[in-house]
Every structure is written in C-alpha cells, then in structure tokens.
Student: 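Sharing a structure with you now.
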Amino acid sequence: MPRKPVDQLNVGRSFYARQMPDLNVDHFGPLWHFFTVGHLVSTDLDAIARKLGYSFSDLDFLGTLAIDERTALRATDLASQLYVSNAVISSRIARLEKDDLVERHRNPDDRRAFDLLLTEKGRLLIEQAIVEIAEKSKLVRFFRELSPEDQQALARILGDLHQRFDREFIGGPYQQD
C-alpha cells in the first residue's frame with residue numbers, strides 16, 4: 001500500500017472499480033477522507049484533552065454546558081445534542097460531578113429531573129482547553145493555513161453535511177426541523 005493518502009485512495013478506488021465494475025465508486029474519496037481525517041482529528045484532540053486529564057468527549061460535554069450556561073440542561077437534552085445514549089451521558093455526568101466540574105440541581109418544574117450546571121472549576125477547565133486547542137491542535141493549524149476562501153468553503157460544506165446528518169440521526173437535537 002502506498003504511503004501518501006491520495007495514492008492510497010487511488011489504489012483502493014481502482015481495486016474496487018475492478019472488483020465491482022457496476023458500482024459507482026466516486027464516493028470512495030470523500031468517504032475515505034472523512035473517515036481517516038475524523039480519526040486523526042479525534043486522536044489530535046484527545047491527546048490535548050488527555051494532558052488536561054480528560055477525554056475530548058468530556059470537554060465537548062463541558063463546552064456544551066458552558067455555551068448554554070443560562071439554560072438549564074437535563075441529561076437527555078445533552079445526550080441528544082452530543083449524539084450519545086442516556087447511559088453514556090449518565091456515566092459522564094457521574095464522573096465529572098465527582099471531579100466537581102458539574103452540579104446537578106432538581107428541576108423546579110419536574111421533580112424527577114435534574115438540571116446540569118457547570119461549576120467554576122468546570123468553566124476554568126473548558127476555557128483552558130479552548131486555549132490549548134487553539135494553540136496546539138493540528139486541525140486548527142491546518143485550517144489556519146487554508147486561504148480565507150477555502151476556510152469559508154470548508155466551513156460551509158461541513159456545516160451543510162452536519163445539518164443533513166443531524167436531520168437523519170435518531171434522537172438528534174434538530175431532527176424535527
């Protein structure tokens with residue numbers, strides 16, 4: 001297998017085009033690039049998060065609470081926004097609450113539910129993480145190296161794909177839009 005990503009893609013596309021001549025393989029490039037780049041971005045962001053003692057998923061959770069700081073969020077709301085199950089969100093809440101990064105408060109309108117709030121320690125951690133990512137993330141560095149036009153095009157295309165996936169994702173926060 002060749003070392004360069006474009007060469008790897010061409011070899012794979014040619015192989016499947018020969019194996020399955022009736023199959024249109026035009027989607028192979030974007031699919032393979034998304035999968036591979038997604039893995040590399042996750043690895044990059046998790047390495048930064050690990051130096052802070054957490055996973056990038058933990059930081060995403062805390063960042064979501066920080067952004068919606070004035071709105072009380074319940075676990076089910078966060079599970080939907082973060083595309084994870086209620087079980088995953090529950091274990092994350094327990095761990096982050098133990099570390100004094102989030103607090104649970106009874107919902108005044110629904111005594112069975114809890115509202116989640118970011119603590120001061122959680123807010124400081126997410127602010128530190130944002131600075132670390134801006135300074136050390138390969139994704140941020142590569143994005144900044146793009147021309148302004150390419151940055152806008154990439155943001156537009158990824159935003160459009162994100163919206164499309166969100167509408168089809170079971171339990172996605174904007175599925176009804």
Side-chain angles (χ1 to χ4, degrees), residues 5 8-9 30-107 112-146 151 154-175 177:
Q8 290 174 352
L9 171 63
L31 186 142
W32 184 74
H33 287 306
F34 267 114
F35 177 79
T36 305
V37 169
H39 174 72
L40 294 170
V41 168
S42 292
T43 301
D44 177 37
L45 295 174
D46 262 331
I48 294 167
R50 288 279 174 233
K51 289 180 182 174
L52 297 171
Y54 296 92
S55 69
F56 185 74
S57 294
D58 292 335
L59 298 179
D60 188 28
F61 174 96
L62 295 171
T64 300
L65 278 179
I67 290 168
D68 287 335
E69 194 171 35
R70 292 197 169 105
T71 305
L73 292 174
R74 297 181 309 168
T76 55
D77 300 327
L78 279 166
S80 175
Q81 286 184 344
L82 300 174
Y83 308 102
V84 297
S85 69
N86 286 334
V88 167
I89 222 65
S90 293
S91 64
R92 183 162 292 136
I93 290 167
R95 192 168 16 85
L96 297 175
E97 185 177 34
K98 181 180 167 200
D99 287 353
D100 192 35
L101 299 172
V102 298
E103 296 175 340
R104 293 186 227 209
H105 296 277
R106 284 248 180 240
N107 182 302
R112 297 168 298 163
F114 288 92
D115 295 330
L116 299 167
L117 299 169
L118 196 61
T119 64
E120 181 63 15
K121 183 178 174 184
R123 188 186 60 73
L124 292 172
L125 174 65
I126 199 62
E127 287 177 4
Q128 180 184 5
I130 290 167
V131 169
E132 294 282 323
I133 290 167
E135 292 175 352
K136 297 177 180 170
S137 169
K138 292 171 182 66
L139 174 67
V140 172
R141 179 169 40 109
F142 298 154
F143 183 79
R144 288 177 178 159
E145 290 171 357
L146 296 173
Q151 288 179 6
L154 181 61
R156 180 185 52 75
I157 292 166
L158 290 175
D160 181 57
L161 287 171
H162 188 170
Q163 284 284 59
R164 290 169 187 240
F165 270 98
D166 187 76
R167 286 189 195 110
E168 303 235 351
F169 187 83
I170 303 294
Y174 307 107
Q175 190 175 10
D177 286 358

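Predicted model, so just to flag it, every value in this text is computed and none were measured.
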Student: Just to verify, what does Phe143 make a side chain to side chain contact (heavy atoms under 4.5 Å, CB included) with, not counting sequence neighbours?
Tutor: Leu146, Gln151, Leu154
Student: Starting at CD1 of Ile89, measure out to OH of Tyr83 and round the result to the nearest 0.5 Å.
Tutor: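 If we round to the nearest 0.5 Å, Ile89:CD1 and Tyr83:OH are 13.0 Å apart.
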Student: Please check: side-chain N/O of Asp44 versus main-chain N/O of Lys138, any donor-acceptor pairing under 3.5 Å?
Tutor: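 Yes: the side chain of Asp44 pairs with the backbone of Lys138.
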Student: After noting the C-alpha distance and the side-chain angles of Leu125 and Leu59, does the key distance pass the side chain to side chain contact (heavy atoms under 4.5 Å, CB included) rule?
Tutor: CA-CA 8 Å; Leu125 174 65; Leu59 298 179; 4.2 Å; yes
Student: Just wondering, do Thr36 and Gln8 contact through their side chains at under 4.5 Å, heavy atoms?
Tutor: no
Student: Please check this pair: side chain of Ser80 against backbone of Thr76, looking for a donor-acceptor N/O pair closer than 3.5 Å.
Tutor: no
Student: Taking only residues at least two apart or on different chains, which pairs with a member in residues 56-66 satisfy side-chain hydrogen bond (donor to acceptor under 3.5 Å, both in side chains)?
Tutor: Ser55-Asp58, Asp58-Arg92, Asp58-Arg95
Student: Which distance, rounded to the nearest 0.5 Å, do you find between the OH of Tyr54 and the CG of Asp99?
Tutor: 3.5 Å
Student: Which distance, rounded to the nearest 0.5 Å, do you find between the CG of Leu139 and the CZ of Arg144?
Tutor: 10.0 Å
Student: Testing the basics here: between Ile93 and Ala75, what is the closest heavy-atom pair and its distance to 0.1 Å?
Tutor: CD1-CB, 3.6 Å
Student: Going through the distances and angles, do Phe114 and Arg106 end up as a side chain to side chain contact (heavy atoms under 4.5 Å, CB included)?
Tutor: CA-CA 4 Å; Phe114 288 92; Arg106 284 248 180 240; 3.4 Å; yes
Student: To the nearest 0.5 Å, what is the distance between CG on Leu62 and OG1 on Thr119?
Tutor: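 Leu62 atom CG to Thr119 atom OG1 measures 8.0 Å (nearest 0.5 Å).
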Student: Considering residues at least two apart in sequence or located in another chain, which fulfil the side chain to side chain donor-acceptor pair (under 3.5 Å) criterion with Glu127?
Tutor: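 Side chain to side chain donor-acceptor pair (under 3.5 Å) list for Glu127, sorted by chain: Arg123.
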Student: To the nearest 0.5 Å, what is the distance between CG on Asp166 and CD on Gln163?
Tutor: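 The distance works out to 6.0 Å.
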Student: Quick check: closest heavy atoms across Ala49 and Phe56, and the distance to 0.1 Å?
Tutor: CB-N, 3.4 Å
Student: As a quick check of understanding, evaluate side chain to side chain contact (heavy atoms under 4.5 Å, CB included) for Leu65 and Leu101, giving each step before the final call.
Tutor: CA-CA 10 Å; Leu65 278 179; Leu101 299 172; over 6 Å; no
Student: Hey, mind stepping through Phe34 and Leu161 against side chain to side chain contact (heavy atoms under 4.5 Å, CB included) and telling me if it holds?
Tutor: CA-CA 11 Å; Phe34 267 114; Leu161 287 171; 3.4 Å; yes
Student: So which atom in Arg74 and which in Asp115 form the shortest heavy-atom distance, rounded to 0.1 Å?
Tutor: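 Closest approach of Arg74 to Asp115: CG-OD1, 3.7 Å.
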Student: Could you state the interatomic distance from CG (Leu45) to CG (Leu40), rounded to the nearest 0.5 Å?
Tutor: 11.0 Å
Student: Output yes when a side-chain donor or acceptor of Ser91 lies under 3.5 Å from a complementary backbone atom of Val88, and no otherwise.
Tutor: yes
Student: Report, as yes or no, whether the 6.0 Å neighbourhood of atom NZ on Lys51 holds more than 12 heavy atoms from other residues, nucleotides or ligands.
Tutor: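 No - once you tally the heavy atoms of other residues, nucleotides and ligands closer than 6.0 Å, there are 12 at most.
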Student: Are Arg104 and Glu97 ion-paired here, with the side-chain N under 4.0 Å from a carboxylate O?
Tutor: yes
Student: What's the shortest heavy-atom distance between Leu118 and Ala66, and which atoms?
Tutor: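 Of all heavy-atom pairs spanning Leu118 and Ala66, the closest is CD2-CB, 3.5 Å.
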Student: Under a 4.0 Å threshold between the charged nitrogen and the carboxylate oxygen, would Arg156 count as salt-bridged to Asp160?
Tutor: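 No, this pair does not count.
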